[in-house]
Number of protein chains: 2
Amino acid sequence: MTTTGAETPRSPANASIEDVARRAGVSSGTVSRALRGLPNVSETTRARVIAAATELNYTVSPSASSLASGRMSTIGVITPFVSRWFFAQAINGVEEVLHEANFDLVLYIDEDGKTFQSLPMRRKVDGVLLLTLPSDSPDVSGVRNLGVPVGSLHVDIEGFSSVLIDDVGGSSMATDHLLALGHRRIAMVTLDQHPSVPFRTGQDRSEGYLRSLKAAGIEVDPLLIVNGESTVEGGMRAGSELLSRAPRPTAIFVQSDEMAMGVLYIIRRAGLHCPEDISVVGFDDHELSNVFDLTTVAQPARAQGALLAHHVLDQVRLGSAPQTTTLKTHLVIRGTTAPPPSGI
Amino acid sequence: MTTTGAETPRSPANASIEDVARRAGVSSGTVSRALRGLPNVSETTRARVIAAATELNYTVSPSASSLASGRMSTIGVITPFVSRWFFAQAINGVEEVLHEANFDLVLYIDEDGKTFQSLPMRRKVDGVLLLTLPSDSPDVSGVRNLGVPVGSLHVDIEGFSSVLIDDVGGSSMATDHLLALGHRRIAMVTLDQHPSVPFRTGQDRSEGYLRSLKAAGIEVDPLLIVNGESTVEGGMRAGSELLSRAPRPTAIFVQSDEMAMGVLYIIRRAGLHCPEDISVVGFDDHELSNVFDLTTVAQPARAQGALLAHHVLDQVRLGSAPQTTTLKTHLVIRGTTAPPPSGI
DNA sequence: CTGAAAGCGCTTACAG
DNA sequence: CTGAAAGCGCTTACAG
């Protein structure tokens, strides 16, 4: 097989740093420094090296580079789902930041915490981003012993970077909005609660609701609080249950938009109208929320992922300390909330 | 810092293969063979090595292993979105298979085909899975020149493995269903068409519709075919347009469930009822389709990802030839389709 | 500013 | 069945 020139090398068995060094008339050490933009390389030499590298279509061998330097340029991301709105958005934010920083994203989808035992990312990542925690036991010691910076979303763990949102405040806003419209009989559909896990999301959102009711002098009716299991289907079940209460609630605060979609479905299916007969507020600002015309508490999921990635990247590259940031939420008022039916 | 025994090594600066060899009283070459389950190692030696490795909590250094062997145990996945149903499901399928095979999944989210130019996965993956193609020009030569097996979803490219579905047949089924219910004035909302790209999805789904109408002896009305831009919002726009036609169509075949959700929203918002006034069929069987009670053509997105991963893994590990598989679709009849209003 | 050389931690023919 | 040794392709003190 003859080649007609170096112009279009048909996968010419990847040039090595030695090839580049030879072509540029320098040592491989100099090539390494020049290509990585290190100081102490004359500009003329650097230019020559870059030219040679370009001509040879050279790319550094990641494994050789990692082996020699100990840097992997890779961040492991552990997520329970890739298909749910919040996680998908967070991953988008993470990916954008890592990509920009020339880090690779190794994805581990882990619903039940197996990854925390087998640690498949061991020795191949410079850092780990936890979009979730092991569900049974909050044992993150394996990840901690990896010896690399770790960041966690929505959970504040000693020694880890984290990004949180004000779940209490957000839920309180949602509840206050319903109160301001004149509602008194306000139900709540909760996320799954994890008693043994430091995920405070569900508890915090409940707390905001309780706090607002209390501030308004309204007694809490435990029959108006139902678990929606974090899913659309669970929201449907919870919605059915709440519609059967007598007297029926005039408004429902739902701790996630996906569950709220289930609730809305049930309301419509029961022949009721939202918001004329009953108001609904969600939490998330899911991308379909506007399609459902759903009033909701918006949280910046993508920004949370991006920020978490930045925190961990700072630790990896600058050796800085773990950082914790709490992001704001805000109420998005759409068409599923209105004053209660006048008959009540 | 003193250690109180080898039981709970607090990140003991990662044992190397030499440490294991010393402890087991063999050479590092034997350790390598024993741990990888290669033949030509006596079972007693293997047991000794495994014991030593366990005691030292040894894990092979991926970069050293890759450098020496040339194998990366990593597959690159390029996807335009992680948040859309089809891609999220496909990624789930891919991840499961790769995880099972002990391969890492490096994720590249790439909406506009940049990845095909910069090739960030160069020299670090054993194979590439394309859940998308560069949108401007169908130039996959960069990926091809990577010199590793490539698989593509929904596009059949020479030299690549691929997984396809019968889009023509599926759309034809959907249209036939509407015809069987008695509809004659059947509109269609199309996916974005990519004239220069070998993505046949949109064209094929249109073809199935046209074929069924033709077989039924119905003349195609170009005013009843509108582009929905592949999004919920696009579906809303397309829906509005179609509702303004006179006479109004009695049914709409929508080429994706997400667009169909937009169409359903518009129908409801126009004060019309589905399916009493107008029927709608989607395509996908999106996870929210049952919430919308949407009749649709189901395609196994997760299985497609899994199968594509298998195909490429076969090429990587067995050196087998690229494989192409076409998967079936089936009609899921729910509540958005019914006979046309009797007045018509 | 640059080079020579050690070293990163494995895998893999090659002998035996 | 096992060992000695070369080699994978870089990075990084260390000299100069």
Side-chain angles (χ1 to χ4, degrees), chain A residues 11-50 52-53 56-74 102 104 122-126 147 317, chain B residues 11-50 52-53 56-74 102 104 122-126 147 317:
Chain A
S11 49
N14 280 329
S16 80
I17 198 171
E18 289 298 343
D19 298 328
V20 178
R22 214 170 296 127
R23 180 149 192 146
V26 296
S27 73
S28 61
T30 299
V31 173
S32 177
R33 291 177 212 115
L35 257 25
R36 281 181 299 145
L38 296 187
N40 295 338
V41 178
S42 79
E43 280 318 311
T44 82
T45 301
R46 193 189 303 277
R48 202 138 35 86
V49 169
I50 290 176
L56 294 173
N57 192 20
Y58 171 73
T59 315
V60 68
S61 156
S63 33
S65 177
S66 294
L67 178 58
S69 71
R71 284 175 244 113
M72 303 297 150
S73 298
T74 296
N102 275 313
D104 277 325
R122 203 179 153 195
R123 304 190 74 173
K124 40 190 159 193
V125 299
D126 297 312
R317 295 188 293 193
Chain B
S11 48
N14 280 331
S16 79
I17 199 170
E18 289 298 343
D19 299 327
V20 178
R22 215 170 297 128
R23 180 148 193 148
V26 295
S27 72
S28 61
T30 299
V31 172
S32 177
R33 289 176 213 116
L35 257 25
R36 283 181 296 143
L38 297 187
N40 295 339
V41 178
S42 79
E43 280 318 311
T44 83
T45 301
R46 192 190 304 277
R48 202 138 36 85
V49 168
I50 290 175
L56 295 173
N57 193 18
Y58 172 73
T59 315
V60 70
S61 156
S63 34
S65 177
S66 294
L67 178 57
S69 71
R71 282 175 245 114
M72 304 299 150
S73 298
T74 296
N102 276 310
D104 277 325
R122 203 178 152 195
R123 302 190 74 172
K124 41 189 159 194
V125 299
D126 297 313
R317 297 189 294 191

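First the proteins, then the strands, lettered A, B, ... as listed; each starts at 1.
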Separation between [atom1] of [X] and [atom2] of [Y], rounded to the nearest 0.5 Å:
X        : Y       : atom1 : atom2 : result
A:Arg123 : B:Tyr58 : CZ    : OH    : 6.5 Å
B:Ser27  : B:Arg22 : OG    : CZ    : 12.5 Å
B:Thr44  : B:Arg48 : OG1   : CZ    : 5.5 Å
A:Lys124 : A:Ser63 : NZ    : OG    : 12.5 Å

Between B:Arg46 and B:Arg123, name the one whose nearest nucleotide on DNA chain D is closer to the 5' end. B:Arg46
Per nearest nucleotide of DNA chain D, the residue lying toward the 5' end, B:Gly25 or A:Ser16, is B:Gly25
So, do [X] and [Y] sit near enough that their side-chain heavy atoms are less than 4.5 Å apart?
X       : Y       : value
A:Thr59 : A:Asn14 : no
B:Ile17 : B:Ser32 : yes
B:Leu35 : B:Val60 : no

Indicate yes or no for a side-chain donor-acceptor contact from [X] to the backbone of [Y] under 3.5 Å, with no hydrogens or angles considered.
X        : Y       : answer
A:Asp126 : A:Met72 : yes
B:Thr45  : B:Val41 : no
A:Ser69  : A:Ser65 : yes

Quick one, which residues of residues 63-74 of chain B touch DNA chain D with a heavy atom under 4.0 Å? B:Leu67, B:Ala68
Partners passing side chain to side chain contact (heavy atoms under 4.5 Å, CB included) against A:Ala68 (at least two apart in sequence or in another chain): none
Interface limits on DNA chain C, where chain B has a heavy atom under 4.0 Å of a nucleotide atom: C:dG9 to C:dA13
Could you note down all residue pairs passing salt bridge (charged side-chain N to carboxylate O under 4.0 Å, His left out) where residues 33-46 of chain A supplies at least one of them, sequence neighbours left out? A:Glu43-A:Arg46
Proximity to DNA chain C (any heavy atom under 4.0 Å), residues of residues 29-40 of chain A only: A:Thr30, A:Arg33, A:Asn40
Can you name the closest pair of heavy atoms from A:Ala53 and A:Val20 and give their distance? N-CG1, 3.9 Å
If one requires at least 3 consecutive Watson-Crick or G-U pairs with distances under 3.5 Å, the stems of DNA chain C turn out to be C:1-3 with D:14-16, C:5-12 with D:5-12, C:14-16 with D:1-3
